[in-house]
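Structure, as structure tokens:
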Amino acid sequence: KYFIFIFIGKPKELLLMAGLVNGFILPFALSIMLVAGRRLPILKQYNFTATVFVPVGYIGLNNDWNHKDKFLRKHLSLDQLKRLNNNNWEIASHGVLHKSYLKLSTEELLHELEYSKARLEEEFGLIDSFAFPYGDTNDYITMLASKHYKNLFNTSVGGTNIILDRSRIKRYTIDEIKKYIDYLNS
């Protein structure tokens, strides 16, 4: 049994189709600075990459908007995101202002989906992946997002076979991945 952590791009697809590896998508749901500071060197040491989901309205700003977080943290700057991207990390969208999509009008949804993609593509080229803030989505929102993104991540439903359904990819937390690895090693 072995696992490698890989991003959602073409190398992963080729490996999974060939049946060579079991893979996890290692996502960082918010572009918090500790990703670049602590995670990049560790993952780089093991030749791992990851996906960073970026709420573009907060690039380089602190997270004082997030009342659920007990700590004041800083989102990654554009330079830090470029550093990750240069190390083969996937830069992906997490909307503009990390709002629950279940509370937005169609016009607001389209702005979140289109502006975040356009802003990231200005800096990083094609952006294929999107994670719903808070995992909040429904069939209508998923349909709208699928018109703009190839890979859609959420936190509650979906599987891990991106070949079968790219519109409902389960996003696992680090804790969930660790529990799974611990289970396999027991």
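Source: prediction; values computed, not measured.
- Distance CG/Leu109 to CG/Leu144: 6.0 Å, rounded to 0.5 Å.
- Between the Glu112 side chain and the Gly95 main chain, no donor and acceptor come within less than 3.5 Å of each other.
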Working note: Phe53 + Ile91, criterion side-chain contact (heavy atoms from CB on, under 4.5 Å); need CA distance, chi angles, decisive distance, verdict. CA-CA 6 Å; Phe53 294 101; Ile91 305 301; over 6 Å; no
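- One finds the CG atom of Asp128 at 10.5 Å from the CG atom of Leu152 (value rounded to the nearest 0.5 Å).
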After noting the C-alpha distance and the side-chain angles of Phe124 and Val54, does the key distance pass the side-chain contact (heavy atoms from CB on, under 4.5 Å) rule? CA-CA 12 Å; Phe124 303 103; Val54 180; over 6 Å; no
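- Partner of Tyr140 under the side chain to side chain contact (heavy atoms under 4.5 Å, CB included) criterion, out of Thr142, Asn138, Thr137: Asn138 alone.
- How far CG of Leu126 is from CG of Leu120: 11.0 Å, rounded to the nearest 0.5 Å.
- Residues meeting the side-chain hydrogen bond (donor to acceptor under 3.5 Å, both in side chains) test with Tyr115, sequence neighbours left out: none.
- Among residues two or more places apart in sequence or in another chain, the side-chain hydrogen bond (donor to acceptor under 3.5 Å, both in side chains) test is passed with Lys99 by none.
- Under the 3.5 Å distance criterion, the side-chain polar atoms of Glu108 are matched with a main-chain donor or acceptor of Ser105.
- In this structure, CD1 in Ile141 is found 7.5 Å from CG in Leu104, a value given to the nearest 0.5 Å.
- Residues satisfying the side-chain hydrogen bond (donor to acceptor under 3.5 Å, both in side chains) test with Asp136, not counting sequence neighbours, are Ser100.
- Nearest heavy-atom pair, His75 versus Gln80, reported as atom, atom and distance to 0.1 Å: O-OE1, 4.3 Å.
- Applying the ring-ring contact (aromatic ring centres under 6.0 Å, His included) rule to Tyr101 yields the partners Phe130; only residues at least two apart in sequence or on another chain are considered.
- Panel note: side chain Asn87, backbone Trp89; no donor-acceptor pair is recorded below 3.5 Å.
- In terms of modelled atom types and a separation under 3.5 Å, the side chain of Asn85 and the main chain of Leu81 share no donor-acceptor contact.
- Residues passing the salt bridge (Lys or Arg N to Asp or Glu O under 4.0 Å) test with Glu107: none are found, sequence neighbours excluded.
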Quick one, Ser129 with Phe153, criterion side-chain contact (heavy atoms from CB on, under 4.5 Å). Give me CA distance, side-chain angles, the key distance, then yes/no. CA-CA 8 Å; Ser129 298; Phe153 291 80; 4.0 Å; yes
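- Take Glu121 and apply the side-chain hydrogen bond (donor to acceptor under 3.5 Å, both in side chains) test, not counting sequence neighbours, and it matches Lys117.
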Quick one, Leu76 with Ile59, criterion side-chain contact (heavy atoms from CB on, under 4.5 Å). Give me CA distance, side-chain angles, the key distance, then yes/no. CA-CA 6 Å; Leu76 294 168; Ile59 293 173; over 6 Å; no
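- Taking the six-membered ring for Trp and the full ring otherwise, His98 and Tyr134 have centroids separated by under 6.0 Å.
- The shortest distance between side-chain heavy atoms of His94 and Ser116 does not fall below 4.5 Å.
- Between the CG atom of Leu113 and the OG atom of Ser93 there is a distance of 7.5 Å, given to the nearest 0.5 Å.
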